[in-house]
Number of protein chains: 2
Amino acid sequence: MKSDSTLARRPAGALGDAGSGAAGAGAPAFSPLYQQIKALLLQSLQQGEWKPGDAIPSEQELAARFRVSQGTVRKAIDELAADNLLVRRQGKGTFVATHAEQQVQYRFLRLHPDHGDRDQEGPATREILGCRRMRASAEVAAALQLRPGDAVVQVSRVLSFQGVPTILEDLWLPGGPFRGLTLETLTTHPGPMYALFESQFGVRMVRAEERLKAVAAGDAAARRLQVAPGTPLLSVERLAYTYNGVPMELRRGLYRTDRHHYRNELG
Amino acid sequence: MKSDSTLARRPAGALGDAGSGAAGAGAPAFSPLYQQIKALLLQSLQQGEWKPGDAIPSEQELAARFRVSQGTVRKAIDELAADNLLVRRQGKGTFVATHAEQQVQYRFLRLHPDHGDRDQEGPATREILGCRRMRASAEVAAALQLRPGDAVVQVSRVLSFQGVPTILEDLWLPGGPFRGLTLETLTTHPGPMYALFESQFGVRMVRAEERLKAVAAGDAAARRLQVAPGTPLLSVERLAYTYNGVPMELRRGLYRTDRHHYRNELG
DNA sequence: CAGTGGTCTAGACCACGAG
DNA sequence: TCGTGGTCTAGACCACTGG
């Protein structure tokens, strides 16, 4: 095994059929084999070789493809599963995670009813207030890493729980990847918006950052949420990312917290 | 290896010198070996065999002690490290995590300055408003899994950033484990409160849940935080747990969010 | 230098799911 | 019954830390 072990320590790019040419340009950048495998798998996910919901090849197949042991592939997959990009199912295979799964819908929504759980509360009703293409403001452009004036799509909507309007939010999406997104598409599609983004636009949100503040309801927001102007609301600004840390959505929400709360786990 | 593999599949309790007698009473409860090892390590942590900051025995030693392979111990430690209970340091050893480390201070505080980072902002100044022993209300008792009327310690304090009072919070701690906690102790001790709890009371907080709401400042809170009554504030209710899911602290905070925000990562 | 955790391999067997 | 992921072992070598 001595020679194999030595050969295994090769820089990314020298692996299997995924070689990308110039490997030694500048940075030394050696990394563990399983990290290289992880990067290759990530690349396949990103390029759509396997789509959300699909099964990826078995560990044995991948081990053969990359010329490494199954254990090394396993460790790479373990990390991708920990990042919620893949889902392992014993006896069945390993699958590309999707926002369309029944169990983990609204994975990014942290608002919960004060009493009872989401299932008891029932599904949210959604009302799309608008959807229009526009030019990115400096602020939106900065968040989405675009140039000011680039095309973006803005969506406004209200989510209601048990008939009570609870969330008012605006979304901004880069115009390129979301070409063809219309009010029609949004109102017609059932299920979470992120599931729509996956199936119709091939954009999978894998991670997000939120910034919360307490603010007073302005007149317009107060009307939409049916509260008195000045009522304290939770302001939630979200930046959502696809693979490789590319920002793909800016979202600004106002949450009523009279019957709900934002829940967070600290590890 | 056939016979070894078979022997390895034994119920918890039949392992090494950690045997606890009756193993087959009722539940079948078989679990992977590494989970059993993890439980045993957890038990040692809980019982204080290794204190925060200490190094635990090497993987080889633990493997010998539990009569399993190093790989199995490794997997158990991996999970404990993922839960932030242990910290691995290559070349040095594996250590019991502590809230006293410089790098990860305020691990549970999610409030960040809007501009710049915490380091630029400098450390918070703390003012203890009060510390008294009292009987648990029904609400506090329920949260801490005590009986109403049991002894608890209540602490009130204000945290200021750059001279601006920003966080006003009340804490309730179970009277038993925190016997001897006084205003004197609190005001004297430098560093995070959770570090004090570790060193003086042997209570290590490992996990917490928070519930956030937007509320209007009452008169008393407004005075303490130097804002106008009715100003929207972020209400943060935290329940913090030690090992094995035992709740050890209830905390109710009001955060000013005019120059700060609550930051959250969604995976 | 010795000792620690980190990586990699190879092979065995177990548990689960589906035909 | 077969193929999948899940567990466990044993041994090799690498990378880092500190004396």
Side-chain angles (χ1 to χ4, degrees), chain A residues 1-12 14-16 28-39 41 50 54-82 86-97, chain B residues 1-12 14-16 28-39 41 50 54-82 86-97:
Chain A
M1 292 310 109
K2 184 183 288 183
S3 62
D4 265 9
S5 233
T6 308
L7 280 173
R9 308 230 125 254
R10 56 207 150 182
L15 265 176
F30 279 73
S31 68
L33 249 191
Y34 75 88
Q35 290 284 5
Q36 300 174 37
I37 305 296
K38 182 182 175 184
L41 293 174
W50 314 303
D54 285 0
I56 70 171
S58 75
E59 297 180 352
Q60 289 293 0
E61 280 181 72
L62 291 170
R65 181 202 293 198
F66 296 133
R67 317 284 217 77
V68 298
S69 78
Q70 191 198 8
T72 300
V73 169
R74 169 172 290 271
K75 185 147 186 179
I77 293 180
D78 277 345
E79 292 209 351
L80 291 169
L86 296 176
V87 177
R88 322 191 71 141
R89 291 192 200 128
Q90 182 172 140
K92 299 180 71 175
T94 300
F95 299 78
V96 182
Chain B
M1 294 309 109
K2 184 183 289 183
S3 61
D4 265 10
S5 236
T6 308
L7 279 173
R9 308 230 125 252
R10 56 207 149 180
L15 266 175
F30 278 73
S31 68
L33 247 191
Y34 76 87
Q35 289 284 5
Q36 300 174 36
I37 305 297
K38 182 182 175 184
L41 292 174
W50 313 304
D54 285 0
I56 70 172
S58 74
E59 296 180 353
Q60 289 293 359
E61 279 181 72
L62 291 170
R65 180 201 294 197
F66 297 131
R67 319 280 218 79
V68 299
S69 78
Q70 190 197 10
T72 301
V73 169
R74 168 172 290 271
K75 185 147 186 181
I77 292 180
D78 277 346
E79 292 208 352
L80 291 168
L86 295 177
V87 178
R88 323 191 72 143
R89 293 193 197 127
Q90 183 172 144
K92 299 179 72 175
T94 301
F95 299 78
V96 182

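Below, chains carry the letters A, B, ... as their sequence lines are ordered, and counting in each starts from 1.
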Taking the side chain as every heavy atom from C-beta outward, state whether A:I56 and A:I77 have any atom pair closer than 4.5 Å. yes
Nearest of C:dC8, C:dG5, D:dG5 to any side-chain atom of A:P32? C:dC8
To the nearest 0.5 Å, how far apart are OG1 in B:T72 and CZ in B:R67? 14.5 Å
Measuring only between side-chain heavy atoms, which start at C-beta, is A:Q60 closer than 4.5 Å to A:V73? no
Distance check needed: D:dC14 C1' versus A:Y34 OH, whole Å only. 13 Å
Whole-Å distance between D:dA10 P and B:E59 CD? 15 Å
Using a cut-off of less than 4.0 Å, is there contact between a side-chain N or O of B:R88 and OP1 or OP2 of C:dG6? yes
To the nearest 0.5 Å, what is the distance between CD on B:E79 and CG on B:L86? 11.5 Å
Between A:K92 (NZ) and C:dA15 (C1'), how many Å, whole number? 15 Å
In whole angstroms, how far is the P atom of D:dG6 from the CG atom of A:L86? 11 Å
Rounded distance in Å - CG (A:L33) to P (C:dA10): 12 Å
Considering non-hydrogen atoms only, spot the tightest contact between A:P57 and A:R65 and give its length. CG-NH2, 4.1 Å
Which whole-number value in Å describes the distance from B:K38 NZ to D:dT7 C1'? 15 Å
Result for 5'-nearest mapping on DNA chain C, choosing between B:T94 and A:Q90, is B:T94
Could you list by number each residue of residues 69-79 of chain A showing a heavy-atom separation from DNA chain D of less than 4.0 Å, or answer none if no residue does? A:R74
Let me know the distance between CG of B:L62 and P of C:dT4, rounded to the nearest Å. 11 Å
Which atom names give the shortest non-hydrogen contact between B:V96 and B:W50, and what distance separates them? CG2-CB, 3.8 Å
How close or far is atom P of C:dG3 from atom CD of B:Q60, stated in whole angstroms? 11 Å
For A:A81 versus A:R88, what's the shortest heavy-atom pair and its separation? CB-CG, 4.1 Å
